There are 2 protein chains.
Amino acid sequence: MSEGTAVRNTRQRSAVSALLAEMEGFHSAQDLHAMLRERGERVGLTTVYRTLQGLADAGEIDVMRPPGGEHLYRRCSEGHHHHLVCRACGRTVEVAGPAVETWADRVAAQHGYTDVSHTLEIFGTCPTCTP
Amino acid sequence: MSEGTAVRNTRQRSAVSALLAEMEGFHSAQDLHAMLRERGERVGLTTVYRTLQGLADAGEIDVMRPPGGEHLYRRCSEGHHHHLVCRACGRTVEVAGPAVETWADRVAAQHGYTDVSHTLEIFGTCPTCTP
DNA sequence: GCGACAACGACAATGATTGTCAAAAACGCA
DNA sequence: TGCGTTTTTGACAATCATTGTCGTTGTCGC
Ligand SMILES: [Zn+2]
Ligand SMILES: [Zn+2]
Ligand SMILES: [Zn+2]
Ligand SMILES: [Zn+2]
């Protein structure tokens, strides 16, 4: 259905990608844009948004949408996984739960739902943020 | 800690609450506001928003935040549960997964996270929406 | 009934995200 | 290396759900 779209290498795309590569934890588009500016990289905010969207669509980065906040982006490891996030500092651990995956699919199937996907996020206070 | 806050009974609060009671599925604040107007109820949009927030904070209704859409509200059954939602028509089934709950808590504890909570949503296409 | 104070609501403000579109940059090819 | 085509960029405007404002109204304990 779609093939002809040629993705071009640009300075801006590389800059965003490189920044994400060395970044720990989740960051918003505005955050990343500010960091790029501090580094002297000249990248427009609109471009940052679009690049992040593209990377997310391509499955190269993960998106998290905290209640009442901006979208947060992070470069993650390959494959399907979920996140255990510290509410205070944002420290994130990737967690895998094969049992959960099969449970979700089974539950959906039992109710006749097809084309199933899911979202799962665990929030807590990490050791260093626990007083 | 907090007690002095007296909640008052108002026509508007009753109207919103009553509407939610007879409503199936999730609906946005703007939706509910429009329905109230059609019924002849005179309720301000701001009030609808704040009433829904109040009910959600009190745990009387559930909130869902679909990707790129408005917040959706629904009167749900008591107790902790999750939702299996049809992407096409919004038909929603409440599902309980005790195993998932304990798994989430255990994973968080293993990493030293405390004060743990989680979000879980399953999406799919319901039987009637499957061609 | 009174009065304190919560609740209301029309309206303005916010703020993240998206749309626009002319100008700049990539890239295939010569 | 130069050229034409096509994508990408980015400053700016627009969108739009949600929140803030603040004078008015309605509740409710007394
Ligand atoms: Zn922490
Ligand atoms: Zn999963
Ligand atoms: Zn359906
Ligand atoms: Zn749960």
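Since this is a predicted model, take the numbers as computed values, not measurements.
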S.K.: Checking all strands, does A:Thr46 fall into the base, sugar-phosphate, or nothing category for heavy-atom contacts under 4.0 angstrom?
M.R.: base

S.K.: Is a donor-acceptor pair below 3.5 Å formed from side chain B:Arg50 to base C:dC8, judging by atom type as modelled?
M.R.: no

S.K.: Given that B:Asn9 and A:Arg11 both sit by DNA chain D, which one's nearest nucleotide is further toward the 5' end?
M.R.: A:Arg11

S.K.: What nucleic acid atoms does B:Arg42 come within less than 4.0 Å of, heavy atoms only: base, sugar-phosphate, or nothing?
M.R.: sugar-phosphate

S.K.: Find the distance B:His33:NE2 to D:dC16:C1' and express it as a whole number of Å.
M.R.: 16 Å

S.K.: Does a side-chain heavy-atom distance below 4.5 Å link A:Arg75 with A:Ser17?
M.R.: yes

S.K.: On DNA chain D, check which nucleotide each of A:Val43 and B:Ser28 is closest to and give me the residue with the more 5' one.
M.R.: A:Val43

S.K.: Side-chain N or O of A:His71 less than 4.0 angstrom from OP1 or OP2 on C:dT17?
M.R.: yes

S.K.: Are the side chains of A:Glu60 and A:Leu20 in contact, using a 4.5 Å heavy-atom criterion?
M.R.: no

S.K.: Just the rounded figure in Å: distance from P of C:dT17 to CG of A:Asp31.
M.R.: 11 Å

S.K.: Give the rounded distance in Å between these two atoms: CD of B:Glu70 and P of C:dT17.
M.R.: 16 Å

S.K.: B:Arg8 has a side chain; which of C:dA25, D:dG10, D:dG26 sits nearest to it?
M.R.: D:dG26

S.K.: Between A:Tyr49 and B:Arg13, just flag the one whose closest nucleotide in DNA chain C comes earlier from the 5' side.
M.R.: B:Arg13

S.K.: Rounded to whole angstrom units, what separation is found between the CG atom of A:Leu45 and the P atom of C:dG15?
M.R.: 14 Å

S.K.: Would you say A:His81's side chain and A:Glu94's backbone share a donor-acceptor pair under 3.5 angstrom?
M.R.: no

S.K.: To the nearest Å, give me how far apart NE2 (B:His27) and P (D:dA17) are.
M.R.: 17 Å

S.K.: For the pair A:His33 (side chain) and A:Val43 (backbone), establish whether a donor and an acceptor sit closer than 3.5 Å, ignoring hydrogens and angles.
M.R.: yes

S.K.: How many Å lie between CD on A:Gln53 and P on C:dT17, as a whole number?
M.R.: 9 Å

S.K.: Within the 4.0 Å heavy-atom criterion, would you say B:Thr10 contacts the bases, only the backbone, or no part of the nucleic acid?
M.R.: sugar-phosphate

S.K.: Under 4.0 Å: is that the gap between some side-chain N or O of B:Gln12 and OP1 or OP2 of C:dG9?
M.R.: yes

S.K.: To the nearest Å, give me how far apart CZ (B:Arg65) and P (C:dT17) are.
M.R.: 13 Å

S.K.: Can you tell if the side chain of B:His118 reaches within under 4.5 Å of the side chain of B:Glu101, non-hydrogen atoms only?
M.R.: yes

S.K.: Please report, rounded to the nearest Å, how far the C1' atom of D:dT8 is from the CG atom of A:Leu55.
M.R.: 14 Å

